[in-house]
**Student:** 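Here's a structure for you.
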Amino acid sequence: MKRRTMEVNLTRVDQDFHFAATGNSGVAVHMDANPEIGGHNMGARPMEMLLMGLGGCSAIDVIMILKKQRQEATTFDIKVTADREKVEEYTEFRNINVHFKLSGDLNEDKVRKAIELSLEKYCSVAMVLYKTSTITYSLELL
């Protein structure tokens, strides 16, 4: 198995829970806690980041697969929804739905196959989330 090292660095921005996180790309992403516990809404919550990662990972896979099939989406949107369940002192995602909304001259069967390949084979984020969650998808072609 080929191993690669990934590094992410977090820098505290304020005296509460606002952090700037930077990975190998050098692009900063801001995270903050919920205001109920002292956050200031200056960034996404860490659990939101997981769902954003799932959506982004799958989007990249699907676009790459569709391009290989000469299918070009003119619009491409994803909405990820998830149920969380308390387990001991923390919460886990249990049911996640990735809703794809695409337009363009697209073959529905090819789009569905691309989504399934992403969520069942290629998307590393999905593979991690499958350990605690059921992931489904829905598709809306405009």
Side-chain angles (χ1 to χ4, degrees), residues 1-14 16-87 89-142:
M1 173 173 38
K2 184 177 178 182
R3 289 183 183 238
R4 295 185 306 170
T5 301
M6 180 180 285
E7 181 176 304
V8 174
N9 295 289
L10 279 76
T11 302
R12 194 172 185 190
V13 175
D14 63 18
D16 293 315
F17 304 107
H18 181 190
F19 285 86
T22 307
N24 293 339
S25 67
V27 177
V29 176
H30 289 262
M31 290 186 286
D32 200 355
N34 189 315
E36 293 175 6
I37 65 165
H40 302 287
N41 267 340
M42 299 304 293
R45 310 292 182 270
M47 292 296 280
E48 290 174 332
M49 298 286 287
L50 282 174
L51 296 182
M52 290 176 194
L54 173 62
C57 181
S58 188
I60 291 167
D61 290 342
V62 171
I63 290 169
M64 286 176 44
I65 294 166
L66 290 176
K67 282 187 176 197
K68 288 179 183 175
Q69 297 176 340
R70 301 193 194 297
Q71 300 284 302
E72 192 69 38
T74 52
T75 63
F76 193 113
D77 296 304
I78 291 178
K79 177 172 70 172
V80 181
T81 55
D83 297 325
R84 290 173 70 177
E85 181 178 299
K86 188 162 180 84
V87 179
E89 297 301 316
Y90 60 93
T91 59
E92 292 180 346
F93 291 122
R94 289 295 184 212
N95 297 299
I96 301 171
N97 180 263
V98 185
H99 181 73
F100 294 83
K101 188 190 293 188
L102 289 79
S103 69
D105 186 19
L106 298 165
N107 176 296
E108 184 174 346
D109 290 336
K110 289 183 178 183
V111 174
R112 285 190 184 280
K113 183 65 175 173
I115 292 168
E116 289 165 6
L117 282 169
S118 172
L119 293 177
E120 296 171 9
K121 184 175 182 180
Y122 296 120
C123 178
S124 300
V125 179
M127 298 309 118
V128 170
L129 289 171
Y130 274 127
K131 294 178 181 185
T132 63
S133 309
T134 299
I135 301 173
T136 59
Y137 79 89
S138 50
L139 173 61
E140 186 177 349
L141 288 179
L142 306 173

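None of the values given here were measured: they were computed from a predicted structure.
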**Student:** I want to check something: taking the side chain as every heavy atom from C-beta on, are M6 and N24 in contact at a cut-off of under 4.5 Å?
**Tutor:**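 Touching, per the 4.5 Å side-chain cut-off.
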
**Student:** Are there over 12 heavy-atom neighbours, none belonging to K86, within less than 6.0 Å of that residue's NZ?
**Tutor:**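 Atom NZ in K86 is packed in, count exceeds 12.
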
**Student:** What do the steps show when you test V111 against L66 for side chain to side chain contact (heavy atoms under 4.5 Å, CB included), and what is the final call?
**Tutor:** CA-CA 7 Å; V111 174; L66 290 176; 4.1 Å; yes

**Student:** Mind checking the CZ-CE spacing from R45 to M52? Nearest 0.5 Å is all I need.
**Tutor:**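 Reported value, rounded in 0.5 Å steps: 9.5 Å.
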
**Student:** Looking at E108 and K110, does any basic side-chain N land under 4.0 Å from a carboxylate oxygen?
**Tutor:**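 No, no charged N to carboxylate O under 4.0 Å.
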
**Student:** Tell me, do V98 and T81 make a side-chain contact under 4.5 Å, heavy atoms counted?
**Tutor:**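 Result no, sub-4.5 Å side-chain heavy-atom pair not found.
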
**Student:** Run the side chain to side chain contact (heavy atoms under 4.5 Å, CB included) check on K67 and E72 step by step: do they pass?
**Tutor:** CA-CA 6 Å; K67 282 187 176 197; E72 192 69 38; 4.2 Å; yes

**Student:** Go through L139 and I115 one step at a time and tell me if the side chain to side chain contact (heavy atoms under 4.5 Å, CB included) criterion holds.
**Tutor:** CA-CA 9 Å; L139 173 61; I115 292 168; 4.1 Å; yes

**Student:** Would you say V62 and F76 make side-chain contact, with heavy atoms under 4.5 Å?
**Tutor:**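 When only atoms from C-beta onward are counted, F76 and V62 do touch, with a gap below 4.5 Å.
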
**Student:** Supply the atom-to-atom distance D32 CG to F19 CZ, rounded to the nearest 0.5 angstrom.
**Tutor:**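 Interatomic distance, D32 CG to F19 CZ, rounded to 0.5 Å: 9.0 Å.
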
**Student:** Give, for atom OH of Y122 and atom CE of M127, the distance between the pair rounded to the nearest 0.5 Å.
**Tutor:**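 Answer rounded to 0.5 Å: 10.5 Å.
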
**Student:** Starting at OG1 of T74, measure out to CG of L106 and round the result to the nearest 0.5 Å.
**Tutor:**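 That separation rounds to 7.0 Å.
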
**Student:** Taking C-beta and beyond as the side chain, do F93 and M47 meet within less than 4.5 Å on heavy atoms?
**Tutor:**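 The answer is yes, as the side chains (C-beta and beyond) meet within the 4.5 Å cut-off.
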
**Student:** Do T136 and N97 have side-chain N/O donor and acceptor atoms under 3.5 Å apart?
**Tutor:**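 There is such a pair between these side chains.
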
**Student:** Which distance, rounded to the nearest 0.5 Å, do you find between the CG of L141 and the CZ of R112?
**Tutor:**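 If I round to the nearest 0.5 Å, the distance is 7.5 Å.
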
**Student:** Students often mix this up, so state it plainly: with edges at 30° and 60°, are the rings of F100 and Y137 parallel, tilted or perpendicular?
**Tutor:**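 Taking Y137 first and then F100, their aromatic rings stand perpendicular (interplane angle over 60°).
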
**Student:** Centroid-to-centroid, H40 to H18, below 6.0 Å?
**Tutor:**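 Ring centres of H18 and H40 not closer than 6.0 Å.
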
**Student:** Quick one: CD1 on I65 to CD1 on I63, what's the gap to the nearest 0.5 Å?
**Tutor:**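 I65 atom CD1 to I63 atom CD1 measures 10.5 Å (nearest 0.5 Å).
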
**Student:** Answer yes or no: is there a donor N or O on one side and an acceptor on the other, between the side chain of R94 and the main chain of T134, under 3.5 Å?
**Tutor:**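 The answer is no, because no donor-acceptor pair under 3.5 Å joins these two groups.
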
**Student:** Search all heavy atoms of I96 against all heavy atoms of A82 and return the closest pair with its distance.
**Tutor:**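 Here I96 and A82 meet closest at CG1-CB, 3.8 Å.
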
**Student:** Is any side-chain heavy atom of I78 closer than 4.5 Å to one of H99?
**Tutor:**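 No, every pair of side-chain atoms sits at 4.5 Å or beyond.
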
**Student:** Please answer whether the main-chain N or O of C123 pairs with a side-chain N or O of D61 as donor and acceptor at a distance below 3.5 Å.
**Tutor:**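 Such a contact is found between D61 side chain and C123 backbone.
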
**Student:** Would you mind reporting whether K79 and K101 have side-chain heavy atoms less than 4.5 Å apart?
**Tutor:**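 No, every pair of side-chain atoms sits at 4.5 Å or beyond.
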
**Student:** Taking atom types as modelled, find out whether S133 and N95 have a side-chain donor-acceptor pair closer than 3.5 angstrom.
**Tutor:**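 The answer is no; no qualifying pair exists.
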
**Student:** A side-chain contact here means heavy atoms from C-beta on lying under 4.5 Å apart; do N107 and Q71 qualify?
**Tutor:**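 Counting from C-beta outward, N107 and Q71 do come under 4.5 Å.
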
**Student:** Around atom CZ of R70, are there more than 12 heavy atoms of other residues, nucleotides or ligands at under 6.0 Å?
**Tutor:**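 No.
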
**Student:** Is there a donor-acceptor pair closer than 3.5 Å between any side-chain N or O of Y130 and the backbone N or O of L119?
**Tutor:**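 Side chain of Y130 to backbone of L119: a pair is present.
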
**Student:** Considering non-hydrogen atoms only, spot the tightest contact between A73 and L102 and give its length.
**Tutor:**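 Here A73 and L102 meet closest at CB-CD2, 3.9 Å.
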
**Student:** Taking all non-hydrogen atoms of both residues, which atom of L50 and which atom of L129 are closest, and how far apart?
**Tutor:**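 Result for this residue pair: O-CD1, 4.5 Å.
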
